[in-house]
Amino acid sequence: MRKNAYIRLLSPCKNLSSLLKVHARIIIAGLGQDASTTTHLINSYSSLQRCDLARSVLDSVPTPTVVSWNSMIRAYSRSNRHQEALKMYRSMVDRGLEPDRYTFTFVLKGCASALDLQEGALIRREVCRRGLETDVFICTALIDMYCKAGDLESAREIFDKMPVRDIVAWNSMIAGLSHSSDPLEALSLFKKMQLTGAVPQSISLLNLFPAVSRLAAIDLCRRMHAYGIRMDFGLEVSNALIDTYAKCGDVESAHLVFDLIHTRDDVSWSTMMAGYAHNGCFSEVLDLYDKMKEIDLQMNKVSIISALLAAGDIRDLEKGKQIHHFAKKQAVDMDVLVATPIMTMYAKCGELEKAEKLLRGSQEGI
DNA sequence: GTAGGGTTAG
């Protein structure tokens with residue numbers, strides 16, 4: 001068998017035992033230290049969340065290439081093992097290997113999820129030293145990192161200096177502004193983006209919705225809705241529309257979107273329930289809860305939280321107990337996000353002792 | 001042989 005044939009065997013491996021078997025065949029075929037084959041192996045172990053095995057592959061190669069190092073850094077970043085990703089980056093540099101633009105995007109992604117701006121600034125210096133500060137992928141990674149860490153000014157500075165911006169760069173900057181204290185600027189940048197001729201994607205809309213919600217810009221929400229229909233955007237946009245209409249106070253439109261979805265997922269249901277709760281329509285929340293139980297749908301935490309909120313608000317202790325029981329059955333009752341509305345529900349229904357008991361129980365668990 | 005941006009609650 002030729003090398004490519006082994007590599008082709010790797011992609012269908014969806015579980016560890018099949019991957020280990022292919023790995024064994026690769027070793028027997030004498031490809032255990034081949035550069036491209038080992039990179040593929042690292043990526044395969046990484047997609048099964050097995051950084052440890054990916055790492056042992058890298059360690060078994062005497063002189064791994066930059067591509068292999070990059071894949072290992074990405075593997076750690078993907079698994080939220082930021083410190084390990086940074087360590088890999090450093091030891092790669094220590095060994096005299098030259099990081100490339102891929103290396104930087106992977107390391108910066110790690111800095112973004114760890115909100116580590118100090119390390120991010122050091123990496124940024126290395127990027128500049130190598131003349132990579134205009135690379136569109138690296139710039140986007142930096143913008144994303146600064147936005148997630150709340151430093152909008154630095155993000156904007158990088159964005160404004162970019163000689164060429166693609167749709168992902170625009171989306172990242174708009175996403176940051178949309179969650180910032182200046183949602184109007186997100187709207188303004190979105191318009192600017194359209195003026196450049198860029199065609200908004202579904203993700204562009206998803207990034208803008210939080211700003212629309214906070215400004216309660218119902219007309220804009222309707223225009224985005226129309227655009228979404230024209231572009232035939234999928235379920236995520238419909239779910240976000242339910243949320244945005246509800247947050248703009250238009251529950252009827254939210255419900256219309258919900259009704260027209262062909263195949264609703266758990267997020268559609270929980271968003272609709274949260275939207276009703278947000279607008280004080282508590283009996284509608286509980287109707288949806290009952291409906292979900294009736295047709296035996298998979299219910300997520302957000303649905304349970306909204307149902308608890310509704311039961312508490314209308315002082316329906318029996319219903320509240322029923323939901324609490326269900327939360328226990330789903331093993332989410334000790335989750336802080338769920339435990340708090342459980343206590344609130346009991347307190348609102350006059351069961352202060354029960355609420356206090358639960359509070360003590362949850363404190364003992366800390 | 002490896003790239004970046006995403007929906008519900010709080």
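Chain A is the first sequence line, chain B the second, and so forth, proteins listed ahead of strands; every chain is numbered from 1.
- Among the atoms of the strands shown, none is found under 4.0 Å from any heavy atom of A:Lys3.
- Ion pairing between A:Glu185 and A:Arg156 holds under the 4.0 Å rule for side-chain N and carboxylate O.
- One interatomic measurement links the two molecules: CD1 of A:Ile174 to C1' of B:dG6, which rounds to 13 Å at whole-angstrom precision.
- A:Glu351 has no carboxylate O lying under 4.0 Å from a charged side-chain N of A:Lys357, or vice versa, which leaves the two without a salt bridge.
- Rounded to an integer number of Å, the gap from A:Ile73 CD1 to B:dG1 P is 19 Å.
- Residue contacts shown for A:Ala141 are absent, as no nucleic acid heavy atom lies under 4.0 Å away.
- The residue A:Ser68 sits close to a base: some heavy atom pair falls under 4.0 Å.
- Whole-Å rounding puts the A:Ile7 CD1 to B:dT2 P distance at 10 Å.
- Across B:dG6, B:dG4, B:dA3, the shortest atom-to-atom separation from the side chain of A:Asp135 is found for B:dA3.
- With distances taken from any side-chain atom of A:Leu206 to the nucleotides B:dA3, B:dG1, B:dG6, the minimum falls on B:dG6.
- Whole-Å rounding puts the A:Ile342 CD1 to B:dA9 P distance at 18 Å.
- In this structure, A:Phe209 reaches neither bases nor backbone, as no heavy-atom distance under 4.0 Å exists between it and the strands shown.
- Within the 4.0 angstrom heavy-atom criterion, base atoms lie near A:Asn70.
- Between the CG atom of A:Leu309 and the P atom of B:dG10 there is a distance of 7 Å, rounded to whole Å.
- Counting only N and O atoms by type, the side chains of A:Tyr102 and A:Arg74 include no donor and acceptor under 3.5 Å apart.
- Using a 30° and 60° split on the angle between ring planes, A:Tyr276 and A:His255 fall in the tilted class, from 30° to 60°.
- Among the heavy atoms of the strands, none lies under 4.0 Å from A:Lys301.
- Checked against B:dT2, B:dG4, B:dT8, the side chain of A:Thr271 finds its nearest nucleotide in B:dT8.
- Protein atom CZ of A:Arg74 is 14 Å distant from nucleotide atom P of B:dG1, rounded to whole Å.
- Looking at the side chain of A:Lys148, the nearest of the listed nucleotides B:dG6, B:dT8, B:dT2 is B:dG6.
- Under a cutoff of 6.0 Å and an axis angle of 45°, A:Arg25 and A:Tyr6 do not form a cation-pi pair.
- Counting non-hydrogen atoms under 4.0 angstrom, A:Thr65 reaches a base of the nucleic acid.
- In this model, no side-chain donor or acceptor of A:Ser36 finds a partner on the base of B:dG1 within 3.5 Å.
- The listed nucleotides are B:dT2, B:dT7, B:dG1; the one nearest the side chain of A:Val267 is B:dT7.
- Rounded to whole Å, atom P of B:dT2 lies 11 Å from atom CZ of A:Arg78.
- Comparing B:dG4, B:dA9, B:dG6 by their nearest atom to the side chain of A:Ala274 picks out B:dA9.
- Between B:dG6, B:dA3, B:dG10, one nucleotide has an atom nearer to the side chain of A:Ile305 than all others, and that is B:dG10.
- Under the 3.5 Å distance criterion, with hydrogens and angles disregarded, no donor-acceptor pair is assigned to the side chains of A:Ser56 and A:Asp59.
- Put simply, A:Met299 and A:Val285 are part of the same group of oily side chains (I, L, V, M, F, W, Y) that touch within less than 4.5 Å, one to the next.
- For A:Ser270 against B:dT8, a side-chain-to-base donor-acceptor contact under 3.5 Å is present.
- Of the candidates B:dT2, B:dA9, B:dA3, the closest approach to any side-chain atom of A:Phe137 belongs to B:dA3.
- Across all strands shown, A:Val336 has no heavy atoms under 4.0 Å from either base or sugar-phosphate atoms.
- Residue A:Lys247 places no side-chain N or O under 4.0 Å from the OP1 or OP2 atom of B:dT7.
- Atom pair A:Met272:CE and B:dA9:C1' shows a separation of 15 Å (rounding to whole Å applied).
- With hydrogens and angles ignored, no donor-acceptor pair under 3.5 angstrom links the side chain of A:Asn43 to the base of B:dG1.
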